[in-house]
Amino acid sequence: MIQKDLIKDDLYAAVNGEWLKKAVIPEDRPRIGGFTDLVIGVEDTLIKDFNELKDPKDVQMKEFLKYYNMTKDFKTRNKDGLKDIKKYIEKIEKLKDFSDLQELNKEWTLKGFDLLYDFSVYPDMSDATTNVLYLGIPSIILPEKGYYDENNEDGKRLIEVYKGMLDKILDIYSYSKEEKEKLINNTIAFDKMMAKYIKTSVELADYPKLNNPRTMEEVNKYSKVLNFEKIVFELIEAKPEKIIVEQPVFYEAYNEFVNENNFELIKRWLIITLILGESSNLTSELKQLGGIYGRALSGTSKELPIEKYAYYHATSMFSEVISVYYGEKYFGKLAKKDVKEMVESMIKVYEKRLNENTWLKEETRKYAIKKLETLEILVGYPEIYDEVYNKLKVDENDTFFNNTIKMTEIFVKHALEKWNKPVKRLEWGMSSNTVNAYYNPSLNHICFPAAILQKPFYSLDQSKSENYGGIGAVIGHEISHAFDNNGSQFDAEGNMKNWWTKEDYEIFDNKAKAMIELFDGIAFGKGKINGKLTVSENIADAGGLSCALEALKNSGENNYQDFFINWARIWRIKARPEYMDMVIKIDVHAPGELRANIQPRNLDEFYKAFDIKETDKMYLEPKKRVNIW
């Protein structure tokens, strides 16, 4: 029930207040709400399907079902125990020096095990027609650099949880008390050494700053104990002219922590990351224990039921196979055509707004329109899945662990083989059963998976006003990412290239700063919103909502109240305090309540729709209102 008398003070509470009182967060979830409700619905639908499917026509769906059933079979998995992983642990324990460690490079990379570096293949930010090699960093224990500050109580608490989890896991591996202490303490010590040189969440949110091309020779000089040239050659059988180093500061300090003095620490760190990384691929006890830290991060009291764990694990391995299956069965070609037309209509609105823009010079405006015209649209689901999935064969006579490792190798090889090959611009980066959407600046494409195209975002049962306040605003949001503080630095072909006049970009930058100020410092949970961290998503929200509103006007229907009410509805969320405290530190998105309440205040139509006056709490004085696109 909508409490319309409260809208003038708090749109979000007025729309979602009754729901918030009654909503119960499941014990195995950190949150419930608009997105999560759909996620749970998709899970339940597909799990029911998978349990009832006996003989699917698609060959790879048959392989998927074998793997799905194997994932759930903990009777067999518990019986298999630790036998498969122990040989890999023994390999680490036998390492004598960095030369020995380097011998593990190819095997560990292909199997998806953690190493002291992370090579991957993606489109070149400066030349988006070709895939190049990227050098990333190893994962750290805590969610973000700030958690490592000496006065950060959450960081201290989480490290204790991490220690307790490892203590229980290492008991299963029969390590002595002394061995356990060394493994745990050395791992944490090495992790802290690495964390000193990593980027903060705010720095990582500045996506173009990840583009740091280096020569092979320059990368090879990063380490005195590892030969990166040999490491790279083993992976792609070539000496690349360019490697993009995502965090140069980390590798410029590499010898500070990756050195002979720390070799024993590194060995123990490798053992722990292997044991933890593979915990969900072994026994039920290890799966449960291996999730303790993650549950502490989100405040969740229980692990996912076995069927839902199996759903996520198996669909992740066969993601495009499931993407085609779900899209064809639950979305179809007709809906795909309808939604694509809706996206195209939103692009036309955006084009009109660019043509009418008063602060862009002609040359910048023309190029912005060119970028819009070349924007590719992916809707619903892919028609076919990648040929790599045909290589996935389940050996029912082998263990679940070994089957998983073999399939991982197939995918890693496939990814590495893309090096120096042309980029596939229409390759899906998200499966159709995912409740989300995205914009890829290097491919200049937007994607709207089938799973998000449901109530309250979109439905034929809803009015146009509701649909535009839901999926219309989401579509506009993703289009706006092409022109946010990150996307604006990429051209129509997806290359990181300046296409702005100096004066235009200064105006845009000032508008972006105004958006930062609009959100920065708002108290939320135990912390405050970081305007710099969330600026790109807030710019996209503002552009999306504004353009959806104009598209609604063009449709001939203009119930602004329904439009803004559904906008508030899609962002409803009830979350655990631990989860929200973490989210505001690391997530580039503002919390749902703020997304629902702040963006409408920038639009005149909101004030007219609900007769908002200066004395109302939802009122924002005109000079503080931010309108970019």
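Listed by chain and residue number, Trp500, Phe508 satisfy the ring pair (Phe, Tyr, Trp, His ring centres under 6.0 Å) test with Tyr505 (two or more places apart in sequence, or in another chain). In this view, Tyr12 satisfies the side-chain hydrogen bond (donor to acceptor under 3.5 Å, both in side chains) rule with no residue, not counting sequence neighbours.
Sorted by first and then second residue, the salt bridge (charged side-chain N to carboxylate O under 4.0 Å, His left out) pairs with a member in residues 586-596 read Asp541-Arg595; sequence neighbours excluded.
A 6.0 Å sphere centred on CD of Glu203 holds more than 12 heavy atoms belonging to other residues, nucleotides or ligands. Within a 6.0 Å sphere centred on NZ of Lys532, other residues, nucleotides and ligands contribute 12 heavy atoms or fewer.
Relative ring orientation between Tyr439 and His481 is described as parallel, the plane-to-plane angle staying below 30° on a 0-90° scale split at 30° and 60°. The aromatic rings of Tyr162 and Tyr293 lie perpendicular to each other, with more than 60° between the two planes, well past the 30° mark.
With ring centers used as reference points, Tyr134 lies 6.0 Å or more from Phe119.
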Inset, instruction - Under the side-chain hydrogen bond (donor to acceptor under 3.5 Å, both in side chains) rule, what do Asn186 and Arg268 come out as? Steps first, then yes or no, please. - result: CA-CA 7 Å; Asn186 284 184; Arg268 294 183 183 115; 2.5 Å; yes
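The ring-ring contact (aromatic ring centres under 6.0 Å, His included) test with Tyr254 singles out one residue from Phe228, Tyr197, Tyr222, and that residue is Phe228. Among Leu226, Val232, Val258, the single residue meeting the side-chain contact (heavy atoms from CB on, under 4.5 Å) criterion with Tyr117 is Leu226.
Ion pair Asp167/Lys180 flagged as a salt bridge, since at least one NZ, NE, NH1 or NH2 atom sits closer than 4.0 Å to an Asp/Glu carboxylate oxygen.
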